[in-house]
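Below is one structure; the comments refer to it alone.
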Amino acid sequence: MSSREEILRAVRSARPGETLELGSPEVPAEAAGYRRQLQADPVGVFVRRAEELGVRVHRLGDPRELAAAVAQLCGGRRTYVEPALRDLGVSLRELGLPLVEWDRLSEAEVGVTGADYGIAESATLVLVARPDRPRSASLLPPVHVAVLREDRVLADLFDLVERLDGLPSALVLASGPSRSADIEMSLAVGVHGPGTVHVVLLPPDGQERRAESAK
Amino acid sequence: MPDRPHRVAVFVTCLVDQFAPSVARGTLQVLERVGLRAEVPGGQACCGQPLLNDGFPDQAARLARRWVETFEPFDAVVAPSGSCVATVREFYPRVLAGSPWEGRARAVAQRTYELSEFLVRVLGVEDVGARFPHRVALHASCHQLRSLGAADCARAVLRRVADLELVDLAHPEACCGFGGVFSVKFPEVSEAMLRDKLQDARSTTAEVLVSTDLGCLLHLAGGLNRQGVRLRCLHLAEVLGGS
Amino acid sequence: MSPSAVGFREASARAVLDPALREAIRRVTDNLAVRRVQVTAELPHFDVLRDRAKRIKEHTLANLDRYLEQLEAAVRARGGHVHWARDAEEAAACVVRICREAGARRVAKSKSMVTEEVELNRALREAGIEPVETDLGEFVVQISGDRPSHLIAPIIHKRREDVAELFRRHLGTPADAPVPVLTAAARAHLRQAFLQADVGITGANFLVAETGTVVLVENEGNARMVTSLPRVHVAVAGIEKVLPRLADLAVFLPLLVRSATGQRLSAYVSLLTGPRGPGERDGPDVFHLVLVDNGRSRVLADPELREALECVRCSACLNVCPVYERAGGHAYGSVYSGPIGAVLTPALTGGRGLVDLPFASSLCGACRDVCPLRIDIPRMLVALRARAGQTAEARWERRAARVAAWLLCRPRLYRWASVAARVLEPVVRRVPVGALRRWARGRDLPRLSPTPFHRAARR
């Protein structure tokens, strides 16, 4: 008998004939009031909680300001821009920003990516791995700049799992910079992943709004 | 609130019987003062907790059966011990599972209470007409606090004792380190926990450390001398019962 | 799990004499315990989530074979490989084989308790493959030849000075360097390990049966690294890590993270499903999942102990345990320490540590209070004590217990024994033996009341 068969047989005989119901995966009613607060102003909650984590958030009133805003954050450093933001990459190069190609990613000081969703409750960026959104872009460079549309900010994880239709090879929930408190509970930031995270919030498609930059 | 029980039995507990009869007397006095004539059924000895905790549930079951038989004729059972009551409630159904005793144990367990729990939650009484002009800190045992959820009952009755000033320990929820057999199987850790508890008590203005459980008290009192801590240790029933 | 030569009594007795260790542990556990309280209070429905999680776990464990099969099918549908390991040796050998077949010389690991449980690193080294631990705490453990002492904060017992000295020797950092310098040195050193590793090995916090997904919860980013850069990813996980549905993560992630570190979510949560997709530039080409039994099916078959399989390894119980705080994690002599460790170690191994671990607790119940799954650890400790009571070592205690029960059930004999005890008391007090002696080393022995209550009552 293979190990597989043996294990399954052991597991099967361990609980003969017991069936408990799984229960619904829906949001518990008791969470309603709490979630209403998140849903009332997901962007506001996201911004506040992101800043608590040390993430710098920049709200743009006009999507046309994007290239200039990102260029400023990159500050003349070597930058990798993911293929999904190709147009942005072109604009940044026109602004004189030194861009690196994929094969020189390890030399990049800044990685610029989009984010598929945001989650307000935990100030999380949801990053889906795709051919035009490689995983390492938001991981290797010490600075991560994420571009996120405001109307993609969800309230919490319940909202997220509802929206996921099939899973990519990698879906990363990134909440704040990389951190460790292993040495004497002393917080170290930027241990393996980026130590600095900027989120640039774009207004919902087609809208303009007065820009509010975080400090 | 259920009806006032007619026939009330007191389970004295083995530690009280052997080391501190005044706790039993105090319990009876308190019950009498609130208008109950409590009985102390003969043939009682021990609830079996030490045997259970030492790893001998079959032996504990023998005591459990005897205990159930002794106390089930009564409308309510009151014990000056959070841990003994917790044993009856949590463990008797388990050690007697699968036998007719299980149902009988559950039935009497439902009417078994620690003293302050009985006063507050069954009789609705917090003031038992006691007087104790001292500053007191309460160490509610882990069973009292977590298994019975009745630390607030002990606090409530103490607050109503005349001239008693109740002060708070910095860490009231911290275990004192007794834990029954734990105190003699791992004495070093047990003593370390004891030191911290006494240190906590010493850092308050309390003159007297009061507990609902005699096991904790004997362990705490045992450390006072060795650590030069000038505190008295008393059981809740002694504070409430003395007039 | 490698055997520990020293029992809990000896180890804890030493630990208690070490105020620096106590301080180091308390600094971490107090911090984590406080944060747990704050962040769980934020959710008015936290207890509802606990109830839900318990139900999901109970259901899953009751139908584990079905979910394991579903998981396997889902992983394979996404091009991953699934291996089944009955015990530690098989698990380690399986991973070694995968690494060999991949032609791996260097592997990078992120933190995984189960790989320590099966002693994977030793097996890899014996096969000539160099494993590099990339979790900062585990890296320190590795280069110091030490063992982890906490479920999620492995070097809780080390001071900054110790780490600074270690890094000075191994990484060439300046003497007594501050934490940011140490961290930067580790980052640079381990970055090379990530880039050069052929295989990345991780554990799994959860396995989602519905989708074949491995969930990794971390703060540093090393799990993301070892699952993005090397061409092979091997995830090793106990069979009890399975959750039925993706949606269940909305319940389990907040429970785990808020209970563990007091964060709303850890810095990174990776949901990994199969190897990289077509056209993707990074991520592994090959994905292997190694499912480990190693005693779990035996525990599953044990009605008294199976609740322990609901553990999500948050370590909330460690952070409130007064015994763990004073004895430290090493005293448990096992990969799993603290209250849940005292149950898991004898349970998974079929008896290792049975004679002392279940007794190394005052049964205060603080662990049960904070456990997100409401696991009744004290109940299981008492159940394990009953099993210890059946062993050969316990035969004298067993006899004494039988005599005590017999006596306590007979009122007349009990009364006579009370008289006898008072006669013997002066002698016993002068020369206490056994348990009395252990009591008396640090506490005064209580005095028997001259007249027991039952005597006074009879008058």
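The chains referred to below are lettered A, B, ... by the order of the sequence lines, with proteins before strands, and numbering in each begins at 1.
- Heavy-atom pairs under 4.5 Å with chain C peak, among A:Ala129, A:Ala31, A:Ser106, at A:Ala31.
- In this structure, A:Pro83 and C:Arg281 approach most closely via the heavy-atom pair CG-NH2, 3.6 Å.
- The parts of A:Pro194 that come within reach of chain C are both its backbone and its side chain, each placing non-hydrogen atoms under 4.5 angstrom from that chain.
- Only the side chain of C:Arg78 comes within less than 4.5 Å of a heavy atom in chain A; its backbone stays farther off.
- C:Phe167 does not touch chain A: none of its heavy atoms, backbone or side chain, sits under 4.5 Å away.
- Neither the backbone nor the side chain of C:Arg296 comes within less than 4.5 Å of any heavy atom in chain A.
- Counting heavy-atom pairs closer than 4.5 Å to chain A, the top-ranked of the candidates C:Glu218, C:Arg191, C:Arg276 is C:Arg191.
- Heavy-atom distances place no part of C:Pro180 under 4.5 Å from chain A, backbone and side chain included.
- One finds the CG atom of C:Leu61 at 6.5 Å from the CZ atom of A:Arg15 (value rounded to the nearest 0.5 Å).
- In this structure, chain A has a heavy atom under 4.5 Å from the backbone of C:Ala85, while its side chain stays farther away.
- Of the two parts of C:Pro303, neither the backbone nor the side chain holds a non-hydrogen atom closer than 4.5 Å to a non-hydrogen atom of chain A.
- The candidate from A:Gly190, A:Gly176, A:Gly195 with the greatest count of non-hydrogen atom pairs under 4.5 Å with chain C is A:Gly190.
- Atom CD of A:Glu101 has 12 or fewer heavy atoms from other residues, nucleotides or ligands within 6.0 Å.
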Assess the residue pair C:Leu246 and A:Leu167 against the criterion (side chain to side chain contact (heavy atoms under 4.5 Å, CB included)); give the C-alpha distance rounded to whole Å, side-chain angles, the decisive distance to 0.1 Å, and a yes or no. CA-CA 10 Å; C:Leu246 190 66; A:Leu167 279 175; 3.7 Å; yes
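- Contact of C:Val28 with chain A is made through backbone and side chain together, with heavy-atom distances under 4.5 Å.
- Looking at C:Glu42, the atoms closer than 4.5 Å to chain A (heavy atoms on both sides) sit in the backbone and in the side chain alike.
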Check the pair A:Ser138 / C:Arg224 against side chain to side chain donor-acceptor pair (under 3.5 Å), numbers first and verdict last. CA-CA 10 Å; A:Ser138 56; C:Arg224 284 183 71 192; 2.7 Å; yes
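- Comment: A:Glu121 engages C:Arg258 in a salt bridge, judged by a side-chain N to carboxylate O separation of less than 4.0 angstrom.
- With a 4.5 angstrom heavy-atom cutoff, C:Phe287 does not touch chain A via any of its atoms.
- The candidate with the highest count of non-hydrogen atom pairs below 4.5 Å against chain C, out of A:Leu187, A:Val161, A:Ile7, is A:Ile7.
- Both the backbone and the side chain of C:Ser270 come within contact range of chain A, judged by heavy atoms closer than 4.5 Å.
- The shortest non-hydrogen separation linking A:Ser169 to C:Glu280 is OG-OE1, 2.7 Å.
- The 12-atom threshold is not exceeded at CD of A:Gln72, counting heavy atoms of other residues, nucleotides or ligands nearer than 6.0 Å.
- When all heavy atoms of C:Leu265 and A:Ser122 are compared, the pair lying nearest together is CD1-OG, 3.6 Å.
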C:Met225 and A:Leu140: CA distance, side-chain angles, deciding distance, side chain to side chain contact (heavy atoms under 4.5 Å, CB included) verdict: CA-CA 8 Å; C:Met225 288 282 195; A:Leu140 257 62; 3.7 Å; yes
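- The two residues A:Pro131 and C:Pro278 come nearest to each other via the heavy atoms CG-O, 3.5 Å.
- At a threshold of 4.5 Å between non-hydrogen side-chain atoms, the residues C:Leu249 and A:Leu157 do not count as touching.
- Side chains of C:Leu190 and A:His192 form a contact here, defined as non-hydrogen atoms less than 4.5 Å apart.
- In this structure, chain A has a heavy atom under 4.5 Å from the side chain of C:Leu32, while its backbone stays farther away.
- Counting only heavy atoms from C-beta outward, the side chains of C:Ile56 and A:Leu22 approach each other to under 4.5 Å.
- In plain terms, the two heavy atoms of A:Gly23 and C:Arg245 that are nearest each other are O-NH1, 2.9 Å.
- Looking at C:Arg264 and A:Glu52, a side-chain N of the basic residue comes within less than 4.0 Å of a carboxylate O on the acidic one, giving a salt bridge.
- Taking A:Gly33, A:Ala10, A:Ser136 one by one and counting their heavy-atom pairs under 4.5 Å with chain C, the maximum is reached by A:Ser136.
- Contact tally against chain A (heavy-atom pairs below 4.5 Å) for C:Glu90, C:His83, C:Lys158: the top residue is C:Glu90.
- Between C:Glu69 and A:Arg12 there is a salt bridge, since a side-chain N of the basic residue sits under 4.0 Å from a carboxylate O of the acidic one.
- Residue C:Thr261: no heavy atom, backbone or side chain, is found under 4.5 Å from chain A.
- With a 4.5 angstrom heavy-atom cutoff, A:Glu162 does not touch chain C via any of its atoms.
- Ranked by heavy-atom pairs shorter than 4.5 Å toward chain A, the options C:Ala301, C:Gly221, C:Ala250 are led by C:Ala250.
- Per-residue heavy-atom pair counts under 4.5 Å with chain C were compared for A:Glu26, A:Arg130, A:Glu21, and the maximum is reached by A:Glu21.
- Residue C:Leu291 holds its CG atom at 11.0 Å from OG of A:Ser3, rounded to the nearest 0.5 Å.
- Considering every non-hydrogen atom in both A:Gly193 and C:Tyr268, the closest pair reads CA-OH, 3.8 Å.
- Using a 4.5 Å cut-off between heavy atoms, C:Leu216 makes no contact with chain A at all.
- Distance CG/C:Leu49 to CD/A:Glu30: 9.0 Å, rounded to 0.5 Å.
- Heavy-atom pairs under 4.5 Å with chain A were tallied for C:Thr273, C:Asn219, C:Asp282; the largest tally goes to C:Asp282.
- Chain C forms the most heavy-atom pairs under 4.5 Å with one residue out of A:Ala137, A:Gly166, A:Ala123, A:Ala170, and that residue is A:Ala170.
- Here the straight-line distance linking atom CG of A:Leu20 with atom OG1 of C:Thr60 works out to 10.0 Å at 0.5 Å rounding.
- The environment of CZ in A:Arg9 is sparse: at most 12 heavy-atom neighbours from other residues, nucleotides or ligands sit within 6.0 Å.
- Looking only at side-chain heavy atoms (C-beta outward), C:Thr183 and A:Ser180 stay at 4.5 Å or farther from each other.
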Check the pair C:Leu272, A:Arg135 against side chain to side chain contact (heavy atoms under 4.5 Å, CB included), reporting the backbone distance first and the verdict last. CA-CA 11 Å; C:Leu272 305 173; A:Arg135 312 169 188 206; 4.0 Å; yes
